[in-house]
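Quick notes on the structure that follows.
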Amino acid sequence: MPLFIYNTLTQKKEEFVPLHPNEVKMYVCGVTPYDEAHLGHGRAYVTFDIIRRFLEYSGYKVTYIQNVTDIDDKLINKANGERRTVNEIAQQYFDSYLEVMEKLGVLNPTRYVKATEHIPEMVKWVKGLEAGGYAYQIDHDVYFEVGKFKDYGKLSKRKLDEMRSGARVEVDSRKKDPFDFALWKGAKEGEPSWDSPWGKGRPGWHIECSVMSTKYLGESFDIHGGGLDLIFPHHENEIAQTEALTCKPWVKYWVHNGFVNVDKQKMSKSLGNFFTLKDIFKKYDPMVVRFFLLSTHYRSPIDFSDDQLKAAEKGLGRLRDTIDRIQFVMDSIEKPKESHGLDSKLLELDEDFIIALNDDFNAAGAIGVLFEIVAFANKIMEENPSDKALLLKIRKSLIGYMELLGLRVEGRDRSKTCPDNSEEIEKMIAEREAARKNKDFKKADQIRNDLLKKGIILEDTAQGVRWKGIT
RNA sequence: GGCGCGGUACCCAAGCGGCUAAGGGAACUGUCUGCAAAACAGUCAUUCGGCGGUUCGAAUCCGCCCCGCGCCUCCA
């Protein structure tokens with residue numbers, strides 16, 4: 001079954017054919033660690049985590065590189081403001097980023113690469129661009145001359161002339177063209193700097209991605225990703241630098257995720273309408289947040305709201321609960337009895353799930369299939385509760401697919417909520433059962449209430465009493 | 001002004017030329033129950049922003065209009 005990926009470069013869904021059979025090289029623009037990661041970051045990295053996981057599931061060997069911009073203006077400003085070093089700030093927030101990603105179920109890339117650890121390579125690149133006639137020096141800065149790169153604008157579908165006539169263009173009279181961008185910035189007082197042929201300074205923002213991606217993935221590779229807001233100018237500039245130097249097509253598939261909105265507006269630092277992941281996790285299980293993020297296609301905008309997080313909490317809870325419930329029913333089976341011919345329905349659903357992901361990583365569609373599997377499981381538990389073999393398969397599918405989506409199955413269920421007092425709970429349930437048998441409903445209800453206060457919900461089912469924590 | 005994205009039920013959302021317009025949440029009804037709860041089941045868009053067009057056939061393609069958003073400056 002072929003995989004289709006929407007490519008920003010061609011503005012079409014294309015069949016995915018990697019440059020080298022069975023392996024995929026992907027690069028995703030990472031964070032500038034100068035503050036806590038917010039939901040928008042969460043969406044981006046969950047998106048590429050799903051892409052990575054599904055590619056691996058499909059049999060590819062994936063090399064996934066993500067950069068860390070640990071030197072830039074924002075970092076310098078923050079460091080100066082707090083009288084700390086850039087390095088301290090970067091380390092602090094990068095550690096925090098790793099922690100929060102781990103909670104969100106985002107697997108580590110094959111490798112995180114830091115800008116400050118690749119300065120000599122960047123200097124070499126800037127020298128190369130200068131030698132090739134694509135760059136010019138002004139004082140201690142070096143700029144890339146966009147007019148020299150004929151394909152400039154091919155990713156963002158812009159033409160230089162049209163942009164120049166646009167209203168908002170920063171004015172720096174020293175530059176030959178307003179869209180020329182810095183490859184190297186001469187150091188100002190008190191800024192971290194490195195030696196270079198142009199004097200002490202630091203790299204411009206865009207060059208790091210070109211240098212590090214090609215270093216680890218080669219001069220041409222399969223997938224480059226990032227948020228929609230990076231298309232221009234960041235990715236456009238990256239293409240210009242890289243292809244100017246290597247004279248080769250650089251990236252085959254450009255993948256961009258949509259924004260997280262708040263009241264229809266983009267969540268962003270500058271608007272101040274952002275919610276950090278750390279804060280959201282105080283209220284919601286990180287898996288709920290992941291589930292929420294996955295229930296909208298990665299390219300569409302997603303509106304952040306409490307109501308939708310609550311809906312996600314319910315939905316994920318039902319998925320996890322079903323897995324528990326199937327186990328509970330299986331445990332009560334004394335004489336397994338196979339009901340023949342029902343497996344084909346599960347096979348069909350299995351296929352639907354994979355079809356969805358093959359269609360531009362449609363996790364939202366795939367989650368829809370998960371709930372159809374839940375409905376099928378309920379049907380079997382109702383009509384053929386002794387079919388252990390089939391129930392086992394259904395449960396395995398459900399668990400496997402949730403894991404493929406990076407959704408941890410265990411959550412605030414019985415074992416998590418009360419790992420220490422489950423014996424006590426079982427004892428109380430037995431007491432209640434005895435009371436019910438004696439028609440001492442007052443006592444039975446009392447016990448039920450006591451448990452509810454501890455956050456335990458009882459379920460009187462055909463197979464006996466089942467309990468779980470409040471989700 | 002240029003470029004791009006989107007408008008599907010009460011809310012969210014998949015579907016992007018043809019089987020009954022997925023699925024989740026809410027609501028309502030029912031099953032189970034000593035009663036509840038939980039769980040489960042059923043109901044919930046003859047219709048996809050509006051108007052035209054193409055087609056045997058359109059939510060899906062084309063044109064125009066209305067509305068919302070994003071990028072064009074750092075931003076996932």
Side-chain angles (χ1 to χ4, degrees), chain A residues 8 11 13 28-32 34-35 37-48 72-74 77 153 156-159 161-170 178-179 205 225-234 236 256-261 264-271 274 291-292 295-297 299-303 305 307-316 318-319 321-322 325 328 352 356 359 362-372 374-375 377-379 381-382 436 439-442 444-445 448-449 451-452 457-462 465-468 470:
Chain A
T8 308
Q11 299 175 288
K13 265 189 212 172
V28 173
C29 284
V31 287
T32 300
Y34 74 106
D35 206 346
H38 61 69
L39 226 209
H41 297 106
R43 158 109 112 151
Y45 302 112
V46 164
T47 294
F48 292 102
D72 105 322
D73 290 350
K74 294 187 290 283
N77 290 341
S156 55
K157 321 295 168 200
R158 290 157 212 259
K159 298 204 163 38
D161 296 343
E162 286 165 1
M163 285 196 293
R164 288 194 197 102
S165 59
R168 301 189 296 169
V169 177
E170 113 199 50
F179 290 98
W205 175 37
L228 219 51
D229 46 1
L230 296 180
I231 294 174
F232 190 89
H234 187 49
E236 198 67 71
H256 294 95
N257 64 277
F259 299 127
V260 175
N261 291 160
K264 304 274 181 195
Q265 272 195 315
K266 179 186 169 187
M267 179 182 289
S268 75
K269 302 284 296 183
S270 39
L271 283 169
F274 61 95
F291 183 85
F292 163 73
S295 51
T296 297
H297 186 91
R299 282 191 285 116
S300 305
I302 183 171
D303 220 62
S305 79
D307 281 354
Q308 290 316 124
L309 256 322
K310 285 205 178 93
E313 192 168 58
K314 279 266 190 177
L316 179 64
R318 201 147 85 84
L319 248 27
D321 191 45
T322 301
R325 235 154 20 80
F328 184 77
D352 287 347
D359 181 14
N362 186 353
I367 286 174
V369 178
L370 246 32
F371 283 102
E372 289 183 52
V374 166
N378 288 329
K379 193 173 145 82
M381 287 191 281
E382 176 73 26
R436 288 176 75 200
K439 302 228 184 285
D440 185 355
F441 297 124
K442 206 176 160 187
D445 290 351
R448 185 169 66 195
N449 255 321
L451 282 168
L452 189 62
I457 293 177
L458 298 188
E459 253 177 61
D460 297 333
T461 76
V465 183
R466 181 174 167 258
W467 64 272
K468 63 178 179 181
I470 295 171

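To find a chain, count down the sequence lines: A is the first, B the second, and so on, and within it residues start at 1. Computed from heavy atoms alone, side chains included, the values below leave out hydrogens, waters and symmetry copies.
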Taking Watson-Crick (N1-N3 plus N6-O4 or O6-N4) and G-U wobble (N1-O2, O6-N3), each under 3.5 Å, can you produce the dot-bracket string of RNA chain B? Use [ ] for crossing pairs and | for inter-strand ones. ((((((((.[[[..)..(....]]].(((((.......))))).....[[[[[..)....]]]]])))))))....

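- Minimum atom distance to the side chain of A:R448 is reached by B:A36, of the listed B:C12, B:C71, B:A36.
- Stacking of A:K269 on the aromatic ring of A:Y34 is recorded, both the 6.0 Å distance cut-off and the 45° axial limit being met.
- Comparing atom distances between the A:A311 side chain and each of B:C35, B:G25, B:G15 picks out B:G25 as nearest.
- Closest approach to the A:A364 side chain among B:A41, B:A13, B:C71 is made by B:A13 (side chain taken as heavy atoms from C-beta onward).
- Residue A:R436 has its side chain nearest to B:G34 when only B:G34, B:C11, B:A14 are considered.
- When each of B:A37, B:C40, B:A76 is scored by its nearest atom to the side-chain atoms of A:A44, the top-ranked nucleotide is B:A76.
- The aromatic ring of A:F441 sits over the base of B:G34, with ring centres less than 5.5 Å apart and planes inclined by under 30°.
- The side chain of A:R158 has B:G2 as its nearest neighbour among B:G2, B:G70, B:C40.
- No hydrogens or angles were tested; on distance alone, a donor-acceptor pair under 3.5 Å links the side chain of A:D445 to the base of B:G34.
- Here B:A14 is the nucleotide among B:G24, B:A14, B:C35 with the atom lying nearest to any side-chain atom of A:T296.
- Distance from the side chain of A:K468 is smallest for B:A38 among the nucleotides B:A13, B:G68, B:A38.
- Listed here is the closest heavy atom pair of A:G227 and A:H256: O-CD2, 3.4 Å.
- On the C1' atoms, B:C12 is 16 Å away from B:C44, given to the nearest whole Å.
- The side chain of A:D359 lies closest to B:G15 when the candidates are B:G70, B:G15, B:G68.
- Rounded to whole Å, the C1' atom of B:A58 lies 30 Å from the corresponding atom of B:G25.
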